[in-house]
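To start, the structure under review is shown below, and the notes come after it.
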Amino acid sequence: MFHVGGARTALFNWLFVRRHGGTFVLRIEDTDNTRNHPEWTDMIYRSFEWLGLDWDDTYPQSRNLDAHRETALKLHADGHTYYCDCTPDALQKRKAAASIKTPGYDSFCSDRDLSAAPGRALRFRVPEQGTLTRADVIRGTTDIDVSTIEDFVILRGDGSPLYLLANAHDDVLDGITHVSRSAEHLSNTEKQILLRRAMGHQEPVWAHVPMIVNEKGKKLSKRHDKVALEDYRDEGYISEAMLNYLATLGWSPPSEYADEQASLDTMTQAFAFEDVTSSSAQFDVKKLASFNGDYIRRMSTEAYLERSFTWLRTTVVDRIAPLLQERAERLPDTFAMVDFLVHADPVMDLDSWQSVMAKDPPASIAMLEAASAAYADADLAWTASALKEATEAAGASLGLKLNKAQAPVRVAVAGRRVGPPLFESLELLGRMRTLARVERALDRLRPA
RNA sequence: GCCCCCAUCGUCUAGUGGCCUAGGACACCACCCUUUCAAGGUGGCGGCACGGGUUCGAAUCCCGUUGGGGGUGCCA
């Protein structure tokens, strides 16, 4: 999954680097071992490729792990850190007892002079008082009272580095001059400044770009919003339009360009962090769609055809072709069998609706509700086999065998009784679209 | 709670003290074009959160209020 917000930040960074002839390094921040998957990293690369953002170099942050530890130890030798064996629990109790309400760690171990031992984390000793100036090209300058900054951990109890340390180290190593990231990182900046100073380095130029938020004004979340770039790609948005739309979220080309629709080249000539807005932006799919339509219309017919067929193959047909082939008698059957995967909504076959749904609405409703509940479970892996099990179980709870249980789901989702195997189809269709279609069928079934 | 951030049409934005009767884009509405639907054209609806300052003059600067958001992890 590659987050659209990440894509926008990446774009701004790329634009800046390309404009000023810098080097674009794609550093994969993988310091948390528990949340690393090779496929995720691969997805990031493929997303960059799709967007057309190239990189000069790339490496996983874990490559520098030894250097991170060394740096931490050096910091320790210089008296900038101390070891800590507090558990979150103990900390909480202590703070409750003393009714301390300031957030973060209470510096309990600060003067205990603990030595290194397994399970002991290494904390950075933040000065007790003083102010620190945080300068940001997008947000301006703020004086921060350092007493509000907690002594933060830079090495876990198992000796592994945290990203604050790893980033500060690698940024120096890579000669990073500008750090631009999402505004949610704003409050990490002070810590990083402190860390870099302790390491004896100057700070870079900071640029915290506004967050992208949903209709409710909250930051886009994987759970509630459609945030995966690949999903937009699979729905037929083209990368140029996506890139251009993303850029308008917080930035607009200077007035001499007169048009918010601008190519990557044009944006590269014009982009500056100073021009980025400081307030968060709502992601508006309708405007994206409008941009997308404009871009499609501007293509040559040849390019349009090429892109459309490529999309059809790669996102739909390729993934299910053998299953279609088994059932096909003539070539157009291929498309008749996948049309429900292509259309925003399935075309409802009346016969199918009558014979499956309308015959016994309460039973259909019960089954669809059971299926819907099962599919909505975030723990359910969205794979054909897991979906089969879930559907089987949902049917069993109503005393239905799988062949009966699957029928209403199939009609709700595909609009027809016949077609390619259901669970492979659901997997392709995705959780969001499946749930939406089941919901729509339920609306239609329920008495008004 | 504490720290921090933000505040121009429903949404994205232009605006950096007079060019603002606040401009553009998406969405919406109407009309035109049109065998349909789009596209296109024309027009319309609609906004500086509020209250105080500063100034000859404030959307623009300052303060406060209100509202929204982020952080508050041995995640990134």
Side-chain angles (χ1 to χ4, degrees), chain A residues 3 5-6 8-9 27-36 40 61 83-88 91-92 95-96 99-105 118-124 134 136 138-140 142-167 181-192 208-220 244-262 274-294 296-298:
Chain A
H3 196 285
R8 205 262 319 248
T9 309
R27 187 171 74 209
I28 306 296
E29 305 197 333
D30 58 349
T31 47
D32 186 352
N33 250 324
T34 64
R35 307 206 295 184
N36 269 320
W40 295 356
Q61 190 155 44
Y83 283 96
C84 167
D85 63 359
C86 296
T87 61
L91 171 63
Q92 207 176 28
K95 284 172 72 173
S99 55
I100 297 172
K101 285 186 180 136
T102 41
Y105 187 61
R120 288 182 184 168
L122 190 65
R123 283 188 187 273
F124 186 83
R134 184 181 70 200
D136 185 293
I138 297 173
R139 273 147 218 289
T142 312
D143 288 331
I144 308 285
D145 178 356
V146 298
S147 69
T148 62
I149 307 171
E150 66 168 326
D151 288 352
F152 53 94
V153 174
I154 60 171
L155 238 39
R156 294 185 182 86
D158 65 2
S160 62
L162 272 97
Y163 84 106
L164 237 22
L165 200 225
N167 276 10
R181 31 118 85 164
S182 163
E184 63 194 304
H185 289 287
L186 195 59
S187 45
N188 292 147
T189 309
E190 301 82 279
K191 294 177 182 173
Q192 250 154 339
H208 286 89
V209 306
M211 287 186 302
I212 299 180
V213 299
N214 61 23
E215 322 70 49
K216 295 201 174 98
K218 314 241 188 214
K219 68 174 182 172
L220 287 183
N244 194 161
Y245 173 67
L246 248 18
T248 68
L249 262 26
W251 182 75
S252 61
S255 44
E256 62 263 32
Y257 290 91
D259 194 346
E260 60 178 350
Q261 290 194 7
E274 287 77 4
D275 297 331
V276 174
T277 325
S278 45
S279 54
S280 34
Q282 274 188 38
F283 192 89
D284 180 8
V285 195
K286 283 191 170 165
K287 187 153 178 178
L288 202 215
S290 168
F291 269 44
N292 207 60
D294 288 341
I296 286 177
R297 268 174 248 115
R298 280 199 291 264

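Just so we're clear, the structure is a prediction, and the values are computed from it rather than from any experiment. So that the names make sense, note that chain A is the first sequence line, chain B the second, and so on, each numbered from 1.
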N/O contacts under 3.5 Å, protein versus nucleotides 41-50 of chain B?
none

side-chain hydrogen bond (donor to acceptor under 3.5 Å, both in side chains) with [X]: which residues, sequence neighbours excluded?
| X | answer |
| --- | --- |
| A:Glu190 | A:Arg134 |
| A:Lys191 | none |
| A:Tyr163 | A:Asn188 |
| A:Asp143 | A:Thr133 |

ask   = How would you list all residue pairs meeting side-chain hydrogen bond (donor to acceptor under 3.5 Å, both in side chains) that involve residues 280-290 of chain A, not counting sequence neighbours?
value =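 Every side-chain hydrogen bond (donor to acceptor under 3.5 Å, both in side chains) pair that includes a residue of residues 280-290 of chain A, provided the two are not neighbours, is A:Glu260-A:Lys287.
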- Task: Would you mind listing every side-chain hydrogen bond (donor to acceptor under 3.5 Å, both in side chains) that reaches into residues 147-159 of chain A, with sequence neighbours excluded?
- Result: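 Checked against side-chain hydrogen bond (donor to acceptor under 3.5 Å, both in side chains) - neighbours excluded - the pairs reaching residues 147-159 of chain A are A:Tyr82-A:Asp151, A:Ser107-A:Asp151, A:Asp145-A:Ser147, A:Arg156-A:Ser160, A:Asp158-A:Ser160.
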**Q.** Those residues that, when tested against A:Tyr105, pass ring pair (Phe, Tyr, Trp, His ring centres under 6.0 Å) (two or more places apart)
**A.**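 Counting only residues at least two positions away or on another chain, A:Tyr105 forms no ring pair (Phe, Tyr, Trp, His ring centres under 6.0 Å).
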Open item on the list: Can you list everything that forms a side-chain contact (heavy atoms from CB on, under 4.5 Å) with A:Ser278? Sequence neighbours excluded, please.
Closed with: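 In terms of side-chain contact (heavy atoms from CB on, under 4.5 Å), with neighbours along the sequence ignored, A:Ser278 is linked to A:Ile138, A:Arg139.
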Protein-proximity profile, nucleotides 71-76 of chain B, B/S/- by nucleotide at the 4.0 Å heavy-atom cutoff, equals SBSBBB
N/O to N/O distances under 3.5 Å, protein versus nucleotides 5-11 of chain B:
from	atom 1	to	atom 2	distance (Å)
B:rC5	OP1	A:Thr142	OG1	2.7
B:rC5	O2'	A:Arg139	NH1	2.8

Can you list everything that forms a salt bridge (charged side-chain N to carboxylate O under 4.0 Å, His left out) with A:Asp32? Sequence neighbours excluded, please.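 With sequence neighbours excluded, A:Asp32 shows a salt bridge (charged side-chain N to carboxylate O under 4.0 Å, His left out) to A:Arg35, given in chain and number order.
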